[in-house]
Amino acid sequence: VHAVELGRTIYSKIVSYIRYQMSQLLALVLLFVTATIFDINDGVALTPLMVLFLNFFIAIFPVIVIMVDPGDPDVMKRPPRDPKGPITNPAAITRWVLYGAVLFLAALVPLVFGPDTLSTDDPSASMTMCFAVLGLVTVFSGLVMRRDPTSGLVPPILSAVKWLAIPAVLVVLATELPFLQRGLLTQPLSGLQWLACIGLALVLPVVVEVDKW
């Protein structure tokens with residue numbers, strides 16, 4: 001019985017990890033394709049170093065949260081899954097596309113309606129806000145997507161919050177520290193701009209939790 005419980009928990013973590021990664025990747029692809037098609041900032045939605053920073057310094061912590069999560073305590077109360085059903089089933093793919101599209105739209109808003117003019121060579125608040133939205137969504141996604149299909153807001157969440165506080169701080173530092181500003185082409189954001197970024201970043205977690213409910 002314990003072996004079955006471990007197997008179900010591991011499978012759930014795999015599903016959660018793939019859902020998290022696919023939504024992030026689809027959003028980035030859609031963002032760059034849209035920037036190219038509609039000639040937004042000469043097709044440069046984010047600088048290459050911004051993308052690398054998000055993938056190597058921000059996205060790794062939600063993966064750790066999924067990995068160390070103790071698992072759903074009610075995992076043995078659910079009926080067995082169909083062993084013939086692959087991970088890439090229509091319902092799963094639909095959620096990948098839905099979550100990726102929501103994240104893409106949230107990140108696109110600052111690029112289209114941002115407070116200043118975009119540039120490929122100089123820092124801009126609009127691109128910095130796009131970067132901040134993607135970074136914050138990555139943090140929030142780690143919390144709500146750490147379990148499947150259970151809500152990510154149920155206890156215990158303290159360990160997850162501790163891990164996710166690290167990338168949240170890194171996103172802020174990426175806009176404040178001079179050497180990161182030079183490398184990433186970011187700039188400091190005002191309080192209202194940060195509030196806008198947080199509001200946009202909360203859209204995806206709300207969609208995920210409503211979908212789970």
Side-chain angles (χ1 to χ4, degrees), residues 8-38 40 43 45-46 50-51 54-55 58-67 69 71-72 74-75 78-79 81-82 84-114 129-154 157 160-161 164 167-168 171 196-213:
R8 289 188 175 192
T9 300
I10 292 171
Y11 184 84
S12 177
K13 288 178 182 288
I14 293 172
V15 170
S16 298
Y17 168 75
I18 294 176
R19 181 174 297 173
Y20 162 76
Q21 287 285 21
M22 290 303 296
S23 63
Q24 302 289 319
L25 292 173
L26 284 171
L28 279 176
V29 170
L30 288 172
L31 197 61
F32 276 94
V33 169
T34 301
T36 301
I37 293 175
F38 294 98
I40 300 174
L46 297 171
M50 282 181 177
V51 177
L54 289 170
N55 283 321
I58 306 299
I60 188 64
F61 290 97
V63 175
I64 294 174
V65 168
I66 294 173
M67 180 179 66
D69 187 81
D72 184 2
D74 296 328
V75 69
R78 295 198 294 268
R81 66 177 181 84
D82 183 1
K84 296 181 181 179
I87 291 180
T88 54
N89 57 75
I93 295 174
T94 300
R95 284 184 170 85
W96 300 348
V97 174
L98 172 63
Y99 297 167
V102 171
L103 175 50
F104 152 69
L105 292 173
L108 184 64
V109 169
L111 292 180
V112 178
F113 304 104
M129 289 178 68
C130 177
F131 166 79
V133 169
L134 286 170
L136 293 175
V137 171
T138 300
V139 173
F140 297 151
S141 295
L143 183 63
V144 297
M145 293 189 188
R146 65 193 174 101
R147 291 183 181 177
D148 178 80
T150 310
S151 170
L153 302 179
V154 297
I157 64 173
V161 171
L164 294 175
V171 171
C197 292
I198 293 171
L200 289 169
L202 285 172
V203 175
L204 179 58
V206 170
V207 170
V208 172
E209 285 298 315
V210 170
D211 179 42
K212 287 185 177 184
W213 180 77

Measure the spacing between [atom1] of [X] and [atom2] of [Y] and express it to the nearest 0.5 Å.
X: L105; Y: L30; atom1: CG; atom2: CG; answer: 8.5 Å
X: L134; Y: Q24; atom1: CG; atom2: CD; answer: 7.5 Å
X: R147; Y: L153; atom1: CZ; atom2: CG; answer: 10.5 Å
X: L46; Y: F131; atom1: CG; atom2: CZ; answer: 8.5 Å

Would you say that [X] contacts [Y] through its side chain, given a criterion of any heavy-atom pair below 4.5 Å between the two side chains?
X: P110; Y: L200; answer: yes
X: D211; Y: Y99; answer: yes
X: S141; Y: V208; answer: no
X: L31; Y: L111; answer: yes
X: L164; Y: L143; answer: yes
X: D72; Y: R78; answer: yes
X: T138; Y: V171; answer: no
X: F140; Y: L202; answer: yes

Mark yes or no for whether [X], through its side chain, and [Y], through its backbone, hold a donor-acceptor pair below 3.5 Å.
X: K13; Y: M67; answer: yes
X: N89; Y: P86; answer: yes
X: K212; Y: T150; answer: yes

Q | Flag if over 12 foreign heavy atoms under 6.0 Å of CZ, F38 | A | no
More than 12 heavy atoms of other groups within 6.0 Å of Y17 OH: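 No - once you tally the heavy atoms of other residues, nucleotides and ligands closer than 6.0 Å, there are 12 at most.
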For residues [X] and [Y], report the shortest heavy-atom separation together with the two atoms involved.
X: C130; Y: A45; answer: SG-O, 4.4 Å
X: W96; Y: R19; answer: NE1-CA, 3.7 Å
X: L204; Y: M145; answer: CD2-CE, 4.4 Å
X: E209; Y: G152; answer: OE2-N, 3.1 Å
X: N55; Y: A59; answer: O-CB, 3.7 Å
X: R8; Y: V75; answer: NH1-O, 2.9 Å

ask   = S16: what forms a side-chain hydrogen bond (donor to acceptor under 3.5 Å, both in side chains) with it, not counting sequence neighbours?
value =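 Testing S16 for side-chain hydrogen bond (donor to acceptor under 3.5 Å, both in side chains), a comparison that skips the adjacent residues, returns none.
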